[in-house]
Amino acid sequence: MEPDSPEADDAVVMLVAQHRRLEELLRRLTGAEPEDRRREALQEAGDELALHLLAEERVFYPAVAGASTEDVLLESLEEHLALKRLVADLLVMDPADTTFGAKAHVLQEQCEHHHEEEEEHLFPKVVLLLPQAHRLDLGREMLREQGRLRRDGAPREALRGQTDAAEPLRAD
């Protein structure tokens with residue numbers, strides 16, 4: 001699908017596209033050498049992951065919360081917490097540290113698992129529950145939230161303060 005197509009703003013379509021982008025960025029991170037390239041790859045992947053997670057938590061999840069989605073949303077929020085903790089750990093590590101690569105690899109694996117869970121269990125329900133017009137509105141709202149976070153600068157840094165507990169499930 002082309003980025004300019006009408007469906008590109010559909011929240012589910014947008015989130016799946018972001019999943020593929022994040023997976024590519026995390027592959028770059030795990031393959032990055034030397035250390036200065038690791039730091040740069042972490043910053044880019046960390047920013048994109050933060051934008052994605054925070055928009056899901058603040059906009060998408062509340063909008064799709066309901067009886068048929070509650071279990072998968074609660075699990076997703078716990079997975080977000082694990083991802084935030086890994087990013088926060090990596091941000092304070094020296095990229096030359098022998099465990100940096102291992103931790104980056106775990107981040108990549110957990111992120112891919114999370115994407116698979118959402119794409120197999122949450123997104124099909126959302127497509128059935130919400131008409132496309134609503135999903136388009138949600139997509140545009142998530143893009144606005146991501147733009148705001150990007151303007152605030154270094155979105156990855158917001159994750160450092162969100163590692164104590166999973167975000168609560170809010171409903172619109």
Side-chain angles (χ1 to χ4, degrees), residues 3 8-9 11-64 72-119 122-123 138-170:
D9 284 344
V12 171
V13 173
M14 184 179 76
L15 290 172
V16 170
Q18 288 179 2
H19 287 174
R20 299 297 83 79
R21 169 94 171 119
L22 285 166
E23 289 162 8
E24 174 59 29
L25 291 172
L26 291 170
R27 278 191 292 276
R28 285 187 209 163
L29 172 61
T30 58
E33 295 291 338
E35 289 80 21
D36 61 329
R37 299 199 72 174
R38 279 183 167 180
R39 175 71 56 206
E40 183 180 303
L42 173 62
Q43 290 172 346
E44 184 177 11
D47 280 347
E48 292 301 316
L49 184 58
L51 294 171
H52 179 81
L53 296 177
L54 297 173
E56 279 187 331
E57 291 173 1
R58 295 173 181 176
V59 178
F60 187 72
Y61 289 178
V64 302
V72 69
L73 289 173
L74 290 171
E75 184 177 327
S76 290
L77 288 165
E78 292 298 331
E79 290 171 348
H80 280 198
L81 176 61
L83 296 171
K84 290 173 182 180
R85 286 175 173 164
L86 287 164
V87 171
D89 288 352
L90 286 164
L91 287 171
V92 297
M93 288 180 77
D94 182 341
D97 188 306
T98 57
T99 60
F100 185 95
K103 193 173 287 280
H105 188 74
V106 170
L107 174 64
Q108 178 187 8
E109 287 178 338
Q110 287 189 8
C111 203
E112 288 172 359
H113 168 79
H114 174 68
H115 296 166
E116 184 178 310
E117 290 285 315
E118 283 187 335
E119 291 175 25
L122 177 61
F123 295 168
L138 275 177
R140 289 187 285 269
E141 189 176 343
M142 284 190 302
L143 287 172
R144 283 191 297 275
E145 177 67 12
Q146 289 173 340
R148 187 189 63 73
L149 289 163
R150 196 178 297 280
R151 283 188 302 279
D152 288 348
R156 65 190 173 274
E157 296 299 330
L159 300 183
R160 286 190 198 200
Q162 298 182 17
T163 59
D164 290 337
E167 290 296 310
L169 179 59
R170 297 179 188 100

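Residue E117 holds its CD atom at 5.0 Å from CD of E75, rounded to the nearest 0.5 Å. Atoms CG and CD, from L26 and E112 in turn, are 7.5 Å apart once rounded to the nearest 0.5 Å. Remark: E56 CD to S76 OG distance equals 7.0 Å, nearest 0.5 Å. Residue L51 holds its CG atom at 10.5 Å from CZ of R148, rounded to the nearest 0.5 Å. To the nearest 0.5 Å, the span separating CG on L86 from CD on Q108 amounts to 12.0 Å.
With no hydrogens or angles considered, a side-chain donor-acceptor pair links H19 and E118 at under 3.5 Å.
H80 pairs by the ring pair (Phe, Tyr, Trp, His ring centres under 6.0 Å) definition with Y61, H114, not counting sequence neighbours. Q43 is linked by a side-chain contact (heavy atoms from CB on, under 4.5 Å) to R39, R156, counting only residues two or more places apart in sequence or in another chain. Take R28 and apply the side-chain contact (heavy atoms from CB on, under 4.5 Å) test, not counting sequence neighbours, and it matches R21, E24, L25, E44.
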>> Set out, in order, the CA-CA distance, both residues' side-chain angles and the distance that settles side chain to side chain contact (heavy atoms under 4.5 Å, CB included) for V92 and R160, then state yes or no.
In response: CA-CA 10 Å; V92 297; R160 286 190 198 200; 3.6 Å; yes

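None of R58, Q18, E48, H52 except one satisfies the side chain to side chain donor-acceptor pair (under 3.5 Å) rule with Q146; the exception is Q18.
When side chains are defined from C-beta on, L53 counts as touching K84, because their heavy atoms get closer than 4.5 Å. Side chains of P34 and R37 form a contact here, defined as non-hydrogen atoms less than 4.5 Å apart. Contact annotation: the side chain of F123 never approaches that of V64 to less than 4.5 Å [non-hydrogen atoms, C-beta and beyond]. Side-chain atoms of R170 and E57, non-hydrogen and from C-beta on, never get closer than 4.5 Å to each other. Between R144 and R140 there is a side-chain heavy-atom pair separated by less than 4.5 Å. Looking only at side-chain heavy atoms (C-beta outward), L15 and M142 come within less than 4.5 Å of each other. A heavy-atom distance below 4.5 Å is not found between the side chains of H113 and Q110.
At most 12 heavy atoms of other shown residues, nucleotides or ligands fall within 6.0 angstrom of atom CD in E40. When the shell of 6.0 Å around NE2 of H105 is examined, it contains 12 or fewer heavy atoms from other residues, nucleotides or ligands. Within 6.0 Å of CZ on R27 lie more than 12 heavy atoms contributed by other residues, nucleotides or ligands.
Across all non-hydrogen atoms, the minimal contact from L77 to A166 is O-CB, 3.6 Å. The minimum heavy-atom distance between E157 and L91, with the atom names listed, is OE2-CD1, 4.3 Å. Nearest heavy atoms, L54 versus A158: CD1-CB, 4.2 Å. Looking at every heavy atom in both residues, L29 comes nearest to L42 through CD1-N, 3.7 Å. Closest non-hydrogen pair, G139 versus A11, comes out as N-CB, 3.7 Å. Across L49 and L22, no two heavy atoms sit closer than the pair N-CD2, 3.4 Å.
The backbone N or O of P95 sits less than 3.5 Å from a side-chain atom of R38, completing a donor-acceptor pair.
A salt bridge is absent between R85 and D89: the closest approach of a Lys/Arg side-chain nitrogen to an acidic carboxylate oxygen does not fall below 4.0 angstrom.
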